[in-house]
Amino acid sequence: MPKGQPTTVPDDGLTTRQRRNRPLLMVHTGIGKGKSTAAFGMALRAWNQGWPIGVFQFVKSAKWKVGEENALKVLGASGEGGTVAWHKMGEGWSWVQRDRQLSNEEAAREGWEQVKRDLAAEAYRLYVLDEFAYPMHWGWVDTGEVIEVLRNRPGTQHVVITGRNAPEELLEAADLVTDMSKVKHPMDAGQKGQRGIEW
């Protein structure tokens, strides 16, 4: 097992083991490709550890076929690792017309309320809040409340949030922040997404 060595050790009174097992808030943001993909990679690791996993998709359409969804559901049902619950919130908010915004805002808030209930019940060990940065950025969900709830979540529940334009306050509160930058993308040359790469 890889053993990374921290460059500093805080004077917080925790043992090395206690500090190592502290629940993390992680954020994958930026304009580059791979934010959700990296989060689903974490879900694979969590599945291998036998952890229950809750995936909450906040922006992608309920009709959108995400390759990781099928794979993780099959793994979750296999009985060999952790369980996987997959929740789709809304109907593709990043592509909806403005006249449908209200129902999507309501769906975002309802989705966040479900996450809060699950956190309180300690339903999962890993939460993937996919594209959840958007509802915060758009003001549909209060960033301050999100931070407060996540800061006070019980147990050892890890949370990873993906999406562009993650609010600065969220980045400051997070334990791990990765900003995916774009150097080059096939879309720059007019190529659309393709099977096995984008879905």
Side-chain angles (χ1 to χ4, degrees), residues 1-59 68 72 75 81-85 111-112 115-185:
M1 177 170 100
K3 295 185 178 180
Q5 296 298 321
T7 55
T8 61
V9 178
D11 185 19
D12 56 10
L14 297 177
T15 66
T16 302
R17 182 177 299 242
Q18 287 171 324
R19 196 174 301 109
R20 169 182 274 174
N21 295 323
R22 203 171 50 84
L24 299 176
L25 170 57
M26 301 160 281
V27 178
H28 298 171
T29 192
I31 64 168
K33 176 177 167 50
K35 296 177 286 293
S36 297
T37 305
F40 295 139
M42 286 183 177
L44 286 173
R45 290 178 175 174
W47 172 83
N48 187 59
Q49 295 299 322
W51 295 359
I53 302 157
V55 177
F56 297 81
Q57 275 192 300
F58 275 87
V59 173
E68 294 93 343
L72 282 166
L75 288 172
T83 58
V84 178
W112 169 237
V115 170
K116 289 194 312 187
R117 287 189 293 271
D118 287 343
L119 285 166
E122 298 184 55
Y124 308 108
R125 183 81 186 272
L126 176 70
Y127 294 73
V128 177
L129 307 187
D130 189 35
E131 310 288 8
F132 189 50
Y134 287 100
M136 284 184 276
H137 174 70
W138 293 332
W140 294 358
V141 175
D142 182 68
T143 302
E145 181 196 5
V146 170
I147 292 168
E148 185 68 18
V149 168
L150 295 179
R151 184 176 286 138
N152 295 308
R153 68 193 185 277
T156 54
Q157 301 177 96
H158 300 282
V159 178
V160 57
I161 296 172
T162 72
R164 294 184 182 202
N165 302 311
E168 191 61 37
E169 311 93 292
L170 179 68
L171 302 183
E172 290 172 11
D175 300 292
L176 183 153
V177 176
T178 300
D179 189 318
M180 305 281 191
S181 61
K182 184 187 82 161
V183 176
K184 198 174 187 181
H185 194 290

Next on the checklist: Between V177 and L170, is there a side-chain heavy-atom distance shorter than 4.5 Å?
Outcome noted: no
Next on the checklist: I'd like to know whether W112 forms a ring-ring contact (aromatic ring centres under 6.0 Å, His included) with F132, so could you lay out the CA-CA distance, the side-chain angles of the two residues, the decisive distance to 0.1 Å, and finally the verdict.
Outcome noted: CA-CA 9 Å; W112 169 237; F132 189 50; 5.4 Å; yes
Item to check | Positive for side chain to side chain contact (heavy atoms under 4.5 Å, CB included) with S36, one of E131, E68, H28 | outcome: E131
Item to check | Reported NE2-to-CZ distance for the pair H158 and R45, which is rounded to 0.5 angstrom | outcome: 12.5 Å
Checklist entry - Between V141 and V146, is a side chain to side chain contact (heavy atoms under 4.5 Å, CB included) present by the stated rule, with each step listed? => result CA-CA 8 Å; V141 175; V146 170; 3.5 Å; yes
Checklist entry - Taking atom CD of Q49 and atom CZ of R125, what is their separation to the nearest 0.5 Å? => result 8.5 Å
Item to check | Distance-minimising heavy-atom pair for I53 and A43 | outcome: CD1-O, 3.2 Å
Item to check | pair F56-D118: side-chain heavy atoms closer than 4.5 Å | outcome: yes
Next on the checklist: Can you confirm whether L24 sits close enough to L176 that some side-chain heavy atom of one is under 4.5 Å from a side-chain heavy atom of the other?
Outcome noted: no
Next on the checklist: Distance check, rounded to the nearest 0.5 Å: K182 atom NZ versus M180 atom CE?
Outcome noted: 15.0 Å
Checklist entry - Any side-chain heavy atom of R22 sitting closer than 4.5 Å to one from D175? => result yes
Checklist entry - How far does CD of E172 sit from CD1 of I147, to the nearest 0.5 angstrom? => result 8.0 Å
Checklist entry - Nearest heavy-atom pair of V55 and F40: which atoms, and what distance? => result CG1-CE2, 3.9 Å
Item to check | Distance-only polar pair, side chains of T162 and D130, donor-acceptor under 3.5 Å | outcome: yes
Checklist entry - Any side-chain heavy-atom pair from I161 and L150 closer than 4.5 angstrom? => result yes
Item to check | Euclidean distance, L126 CG relative to Q157 CD, rounded to 0.5 Å | outcome: 10.0 Å
Item to check | Check: H137 and R164 side chains under 4.5 Å, non-hydrogen atoms | outcome: no
Item to check | Close side-chain approach of R19 and V9, heavy atoms under 4.5 Å | outcome: yes
Checklist entry - Is there a side-chain contact between L171 and D179 (heavy atoms, below 4.5 Å)? => result no
Next on the checklist: Looking at Y124 and A85, would you say the former's side chain and the latter's main chain have a donor-acceptor pair under 3.5 Å?
Outcome noted: no
Checklist entry - To the nearest 0.5 Å, what is the distance between CG (N165) and CE (M136)? => result 11.0 Å
Item to check | Nearest heavy atoms of F58 and V115, plus distance in Å | outcome: CZ-CG2, 4.2 Å
Next on the checklist: Minimum heavy-atom separation for P154 and A120, please, with both atom names.
Outcome noted: CG-O, 4.2 Å
Item to check | Atom CZ of R117 with >12 non-hydrogen neighbours under 6.0 angstrom | outcome: yes
Next on the checklist: Ignoring hydrogens, what is the shortest heavy-atom contact between A166 and A133? Give both atom names and the distance.
Outcome noted: CA-CB, 3.9 Å
